[in-house]
Amino acid sequence: MRPRILVTGIPGHYSRLANGAHGLSVSYSERQKQPETKDEFLQELRNISNTGNYLIGEGALRALAPHAKQVPFWHLYNCSRNGEGLDEFNANFDICVFTCANLLRKGLSADAEAEVLGKLKMPIVMLGIGLQNRRDLENALPEGTKRLLSVLKEREHYFLTRGFETTGFLKDQGFSFVRPTGCPSVYFMPDNMRRALKKLPSVQVGKARTIFSGYVGGNHDAILDANALNPEGSTPQYVVQDEFLHFDMRVEPDSGGRIYDSASGAMIGDLAYPGAERLKTPFEVRTFFDTNQWRAWASSMDFNFGRRFHGSIIAMQAAVPSLMVAVDDRMREMLGFTGLPAVDATDLDKAENRAEFVAGHLAGLNTSELVDRYSDRERNFRTTLREIGIGQ
């Protein structure tokens with residue numbers, strides 16, 4: 001008999017339309033949101049914190065058996081806190097898949113996760129769990145995160161990690177079922193992912209319409225990338241994920257009171273960020289709250305050069321060849337496991353000519369090996385889900 005699967009944790013973009021929940025039922029609005037004023041836009045961004053996270057929930061739900069039921073984490077947490085309890089969920093589900101990301105990090109105490117998962121009397125699958133910085137694992141994790149790991153030791157559990165380092169850490173903590181599988185977003189639209197890999201050597205660096213992503217407002221790296229790689233005379237395209245929340249990127253309304261065009265995803269207000277004066281041509285900045293809209297727009301471009309993992313993955317899901325810049329331990333772990341094409345930020349910074357460096361790297365790629373490794377990782381991911389009993 002197939003297990004009844006509860007899915008919660010990081011959601012897909014569809015969760016934006018959830019307007020209420022009672023018991024096992026979640027209601028969704030039929031009206032698409034149009035967050036075009038500054039307050040509405042920033043609140044929509046706060047709801048997810050980072051728009052790239054939508055790819056995690058979306059990829060997980062697509063990979064799981066079709067009868068899996070997604071319930072917003074906020075509803076489970078509210079039930080736990082307001083006295084309703086989670087008895088109804090314990091009676092109607094056999095296993096919980098908790099979609100997560102860089103949960104093992106210094107700056108996040110997983111108190112809410114520990115409370116909810118501690119009251120779910122069923123096996124827990126931690127799908128996509130990973131680290132932020134290696135040093136976070138060497139030092140003491142926050143108390144809430146320690147409590148979460150303690151809760152998971154008390155029952156049957158499954159850890160599907162983002163890479164080898166997280167796997168090693170969890171095994172050292174005494175957990176038994178720990179498998180490196182990568183982020184579930186990587187295996188969404190796998191045929192397009194393979195198409196994107198095959199196109200890499202044919203990219204004409206400096207002529208290709210390029211998507212840029214990074215940490216504008218926090219550093220100038222993406223600005224240097226755009227100056228070096230964007231076609232002469234064209235407008236560089238930059239996609240936001242969380243810069244308006246966590247970095248010094250700001251926007252003010254236009255004369256009509258709007259900062260955002262929900263039809264195109266374009267920021268239309270008055271933008272400001274450190275380093276803007278260094279750009280040869282100002283960025284056209286976009287934000288996407290719907291992953292389908294994001295992919296559709298990305299599909300019109302020729303190349304993605306990204307310092308954001310999920311911003312690059314969604315371009316590959318649209319069959320756009322992508323080269324990532326590994327900027328931190330979190331990204332290096334995911335790239336090291338999947339083998340997706342990347343250059344390290346330190347090597348890029350040393351290059352005298354960024355365009356020549358990137359072109360040379362692309363020319364030297366063995367796309368057959370890239371495709372074979374990706375396909376092997378995809379099989380590993382799906383086989384592991386089926387082994388647990390939750391895959392298609």
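Just so you know, these numbers use all the heavy atoms, side chains as well, and skip hydrogens, waters and symmetry mates. Bear in mind that the values here come from a model prediction, so they are computed numbers and not experimental data.
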Which atom pair, heavy atoms only, marks the closest approach of [X] to [Y]?
| X | Y | result |
| --- | --- | --- |
| D242 | S49 | CB-O, 3.1 Å |
| R162 | G130 | CD-CA, 3.9 Å |
| R295 | A318 | O-CB, 3.5 Å |

With a 3.5 Å cut-off and no angle check, do the side chains of [X] and [Y] form a donor-acceptor pair?
| X | Y | result |
| --- | --- | --- |
| E378 | S375 | no |
| R209 | Q237 | no |
| T235 | E284 | no |
| S234 | N230 | yes |

Could you state the interatomic distance from [atom1] ([X]) to [atom2] ([Y]), rounded to the nearest 0.5 Å?
| X | Y | atom1 | atom2 | answer |
| --- | --- | --- | --- | --- |
| L42 | I259 | CG | CD1 | 5.5 Å |
| T338 | F381 | OG1 | CZ | 13.0 Å |
| L340 | L197 | CG | CG | 6.5 Å |

For this session: Evaluate the side-chain hydrogen bond (donor to acceptor under 3.5 Å, both in side chains) criterion for residues T384 and T181: first the C-alpha distance (whole Å), next the side-chain angles of each, then the deciding distance (0.1 Å), finally the verdict.
Result: CA-CA 8 Å; T384 303; T181 55; over 6 Å; no
For this session: Determine, for F175 and K153, whether the Lys NZ or Arg CZ falls below 6.0 Å from the six-membered ring centre while staying within 45 degrees of the axis.
Result: yes
Problem set entry | cation_pi(R258, F41) dist<6.0 Å, angle<=45 | no
Measure from the ring center of [X] to the ring center of [Y] and say whether it is less than 6.0 Å.
| X | Y | result |
| --- | --- | --- |
| H75 | F73 | no |
| F164 | F169 | no |
| Y238 | F212 | no |

Expected list for residues 355-362: side-chain donor-acceptor pairs under 3.5 angstrom, two or more places apart:
unit_1: H361; atom_1: NE2; unit_2: A342; atom_2: O; d: 3.3

For this session: Please list, chain by chain and in numerical order, all residues satisfying ring pair (Phe, Tyr, Trp, His ring centres under 6.0 Å) with Y158, sequence neighbours excluded.
Result: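 Residues passing ring pair (Phe, Tyr, Trp, His ring centres under 6.0 Å) with Y158: F177.
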Problem set entry | Salt bridge flag under 4.0 Å for residues R382 and E387 |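 Not counted as a salt bridge, because no side-chain N and carboxylate O are separated by less than 4.0 Å.
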